[in-house]
Q: 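Before we start, here is the structure in question, set down as structure tokens.
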Amino acid sequence: LETFAEEALDAEIEEDLASTDGGAGALDASEPASSEDGPAPESEQAPRPESAPAPATVPAFLANARERTLDGALASVSDGTGADLETIGASNLAEPAEGADSPDDRADGVAEAANAARAFFQEGVGAVREMSAARRAHAEARERLEGLDRTIADAEAELSHRRDVEENYDRIVADETARKKAAEQRATDAKAQQDAITNEIETLKGQLKQMKDADAQTEKRLKAALESAEAQEGSAREQGARLQRRLEDARQALSKAEGDRAQGVAAAEAAVTTANTRLEALKAEFTEVQRNPSANSATYSVRAQELEEEISNATDELRQAQMRLPELTAELDRALEAARQAVADNEKPIDAARKSFNDVSSAADQARDAYQAAKKDASERQRNLKSQISDKEKARREQEKAEQAARDEAEEAQLIIDEAEDIHAHPEVTQTIADRLEADRAERGETQAEVDQLAATERDVRERTRGSRLRFGAVIAALIVVVLLILVLIFVL
């Protein structure tokens, strides 16, 4: 878990360094002592004596930075200041006096802090890059080893196959030749079956076409008969409806004639009764006038004459009403009889029309049933024939698959024969593969040793640079947090 965390931190730091084009490379450029053209630092040329360790209160990375500062000063002895090597060394290593706080001391302190920070970043970046280089070298070597393993496995399989073919060459050729012949025979048989099935399919399709033509003619004939029967049925239905309407009209006329007769006779009888009643009233009044003549003879004479005239008129009206009654009754009876005769006349063809309609309707039903039955029978027969054709086509496809499978098997057998003959004819190729396999195995041993060495180197670098990388990563993380906080404050405020 610790190694995984360190690798993740190293990867993040490497990305940051790559995005800034080398990270702390600018710090390296600003230090003359780290230039490739300048002299090597004294700390690398001669180790410091054990009798002069860094002060106990100064961290190790600051002590190293102080040594690098001294080395830089020694390297710049030829800058034209006229100071000798011992004076510069003494000025950098001398301890300040107690209570002294001169400007030179403060400048030396600032320079020492800047050098310490630069040394810290250089150390961190160098540790990360060294770890990354060690890990990358180990991964590349391991990838080469895996590639060699795959190459060796393929070569071993190929070599084993070629040797097996060389040892069993005669048997392989004989077996595959027999297999090829058997497959070719199966392909020929499958082709013959396909041709036979194809002929059967063509025959069935011809039968189906003839069946469709015959069924179409039958359907056309039955449909014409059905249309004719339905037309007759419609005509008979219309004729029956017409006769029924006439009968209804005759019955309505009879009902009206009966009503007219009753009303006419009643009106004539009422007229006779009215005329008789008026006549009797006039006669009674005339009798009363004669029984009690008025004192005024002139008035009496006038009223008597009026009554006589009115009685004469009433008598004439009564006679005419009495004469009109039998005449009107006879006339109404004749009209009533004519209406009854019309009803009887219209009732006579109804039964014949109903029988005719039933016969025509039955014929239409029979034609309709015959048409539907013929269609159903034709559909059933055609469906059965189509099913036979479909089965034959399925069988043909199966034979096509069998033929293709047999031909593929024959081709496969031929390929095996060709391969066996090629291996048998070129034993030097087998020997070349064997030699190459031995070389690959030797190379694998060397690569395995290299992988082991690089793995040990990676572990050593990881252990040696763990402190520097962790400190450097912590500082980078702290700087990122500070930058984020500054950005947040800028945007918020």
Q: Judged by modelled atom types alone, do Q217 and D213 share a side-chain donor-acceptor pair under 3.5 Å?
A: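 No donor-acceptor contact under 3.5 Å links the two side chains.
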Q: What do the steps show when you test R186 against E409 for salt bridge (Lys or Arg N to Asp or Glu O under 4.0 Å), and what is the final call?
A: CA-CA 10 Å; R186 290 198 304 273; E409 184 177 358; 2.3 Å; yes
Q: Could you tell me whether a side-chain N or O of S387 sits under 3.5 Å from a main-chain N or O of R383, the two making a donor and an acceptor?
A: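 Between the backbone of R383 and the side chain of S387 there is no qualifying donor-acceptor contact (under 3.5 Å).
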Q: Please check if the side chain of H426 supplies one atom and the backbone of D422 the other of a donor-acceptor pair under 3.5 Å.
A: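 Side chain of H426 to backbone of D422: a pair is present.
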Q: Considering only heavy atoms from C-beta outward, does the side chain of E176 approach that of R171 to under 4.5 Å?
A: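 No; the side chains remain at least 4.5 Å from each other.
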Q: Looking only at side chains, do N384 and Q388 share a donor and an acceptor under 3.5 Å apart?
A: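 Q388 and N384 do not have a side-chain donor-acceptor pair below 3.5 Å.
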Q: Under the ring-ring contact (aromatic ring centres under 6.0 Å, His included) definition, can you give me all pairs with a residue in residues 178-201, not counting sequence neighbours?
A: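 For residues 178-201, and leaving out neighbouring residues, there are no ring-ring contact (aromatic ring centres under 6.0 Å, His included) pairs at all.
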Q: Could you tell me whether E463 and R459 have a side-chain N and a carboxylate O separated by less than 4.0 Å?
A: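 R459 and E463: not salt-bridged.
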Q: Would you say E143 has more than 12 foreign heavy atoms packed within less than 6.0 Å of its CD?
A: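 For E143, atom CD is not crowded (no more than 12 foreign heavy atoms under 6.0 Å).
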Q: What are the two closest heavy atoms between L204 and K392, and how far apart are they?
A: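 Heavy atoms only, the tightest pair is CD1-CG, 4.0 Å.
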Q: Pick from R142, R135, R136: which one makes a side-chain hydrogen bond (donor to acceptor under 3.5 Å, both in side chains) with H138?
A: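 For H138, the side-chain hydrogen bond (donor to acceptor under 3.5 Å, both in side chains) check succeeds only for R142.
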Q: Between T447 and A141, which heavy-atom pair has the shortest distance, and what is it?
A: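 For T447 versus A141, the nearest heavy atoms are CG2-O, 3.9 Å.
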Q: Could you report the tightest heavy-atom contact between L222 and A374, atom names first, then the distance?
A: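 Heavy-atom minimum between the residues: CD1-CB, 3.3 Å.
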Q: Is any side-chain N of the basic residue among D440 and R444 closer than 4.0 Å to the acidic one's carboxylate O?
A: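 No.
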Q: Looking at every non-hydrogen atom in both residues, tell me the closest pair between A364 and A229 and how far apart they are.
A: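 In this case the closest contact between A364 and A229 is CA-CB, 3.6 Å.
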Q: Determine, for E400 against R397, whether the closest basic-nitrogen to carboxylate-oxygen distance falls under 4.0 angstrom.
A: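 Salt bridge absent between E400 and R397.
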Q: A420 and V165: which non-hydrogen atoms are nearest, and at how many Å?
A: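 Where A420 meets V165 most closely, the heavy atoms are CA-CG1, 3.6 Å.
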Q: Could you check whether E248 and Q252, counting side-chain N and O atoms only, form a donor-acceptor pair closer than 3.5 Å?
A: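 Result is no, nothing qualifies.
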Q: Could you please spell out the steps behind the side chain to side chain donor-acceptor pair (under 3.5 Å) verdict for Q431 and D435?
A: CA-CA 6 Å; Q431 185 60 41; D435 296 342; 2.9 Å; yes
Q: Could you tell me whether the side chain of T274 and the main chain of A270 form a donor-acceptor pair under 3.5 Å?
A: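 Answer holds: yes.
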Q: For V173, is there any backbone N or O sitting under 3.5 Å from a side-chain donor or acceptor partner on T177?
A: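 Yes, T177 side chain to V173 backbone: donor-acceptor pair under 3.5 Å.
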Q: Pairing donors with acceptors under 3.5 angstrom, does anything connect the side chains of Q320 and D316?
A: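 A pair is found: one side chain offers a donor N or O, the other an acceptor, under 3.5 Å apart.
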Q: Counting distance only, does the side-chain N/O of Q232 pair as donor-acceptor with the main-chain N or O of V360 below 3.5 Å?
A: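 Not confirmed, Q232 side chain does not pair with V360 backbone.
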Q: Would you say the side chain of L385 lies within less than 4.5 Å of the side chain of M211, judging by non-hydrogen atoms?
A: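 When only atoms from C-beta onward are counted, L385 and M211 do touch, with a gap below 4.5 Å.
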Q: Going by an N to O cut-off under 4.0 Å, is there a salt bridge joining R396 and E202?
A: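 A salt bridge is absent here (no side-chain N lies under 4.0 Å from a carboxylate O).
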Q: Heavy-atom distance under 4.5 Å between the side chains of S390 and K386, does that happen here?
A: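 Counting from C-beta outward, S390 and K386 never come under 4.5 Å.
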Q: Per the ring-ring contact (aromatic ring centres under 6.0 Å, His included) rule, what does the pair list look like for residues 214-261, sequence neighbours excluded?
A: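 ring-ring contact (aromatic ring centres under 6.0 Å, His included) check on residues 214-261 returns no pairs.
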Q: Can you name the ring-ring contact (aromatic ring centres under 6.0 Å, His included) partners of H424, sequence neighbours left out?
A: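 So H424 forms a ring-ring contact (aromatic ring centres under 6.0 Å, His included) with Y169.
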Q: Is R368 paired with E233 through a side-chain N to carboxylate O contact shorter than 4.0 Å?
A: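 Salt bridge between E233 and R368, a charged N being under 4.0 Å from a carboxylate O: yes.
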Q: So, do R251 and R246 sit near enough that their side-chain heavy atoms are less than 4.5 Å apart?
A: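 R251 does not reach R246 side chain to side chain.
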Q: Looking only at side-chain N and O atoms, does R162 offer a donor or acceptor that is under 3.5 Å from a partner on T430?
A: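 Yes, side-chain donor-acceptor contact under 3.5 Å.
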Q: Any ion pair linking K375 and D215 (charged N to carboxylate O, less than 4.0 Å)?
A: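 Answer for the salt bridge query: no.
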Q: Output yes when D175 and R179 qualify as a salt bridge under the 4.0 Å nitrogen-oxygen rule, no when they do not.
A: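 Salt bridge between D175 and R179, a charged N being under 4.0 Å from a carboxylate O: no.
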Q: How about Q399 and K191: do any of their side-chain heavy atoms sit closer than 4.5 Å?
A: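 No; the side chains remain at least 4.5 Å from each other.
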Q: Please evaluate residues N168 and D164 with respect to the criterion side chain to side chain donor-acceptor pair (under 3.5 Å), reporting the C-alpha separation (whole Å), side-chain torsions for both, the decisive distance (0.1 Å), and the verdict.
A: CA-CA 6 Å; N168 301 280; D164 180 70; 3.2 Å; yes
Q: Show the nearest heavy-atom pair for residues A406 and A187, with the distance to one decimal.
A: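 Smallest interatomic distance, heavy atoms only, reads CB-N, 3.6 Å.
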Q: Would you indicate whether the side-chain heavy atoms of R407 and E403 approach each other to under 4.5 Å?
A: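 They are in side-chain contact.
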Q: Just wondering, more than 12 heavy atoms not from Q453 lying within 6.0 Å of its CD?
A: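 Not buried by this count: 12 neighbours or fewer within 6.0 Å.
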Q: Would you call E412-K180 a salt bridge at under 4.0 Å N-O?
A: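 Answer for the salt bridge query: no.
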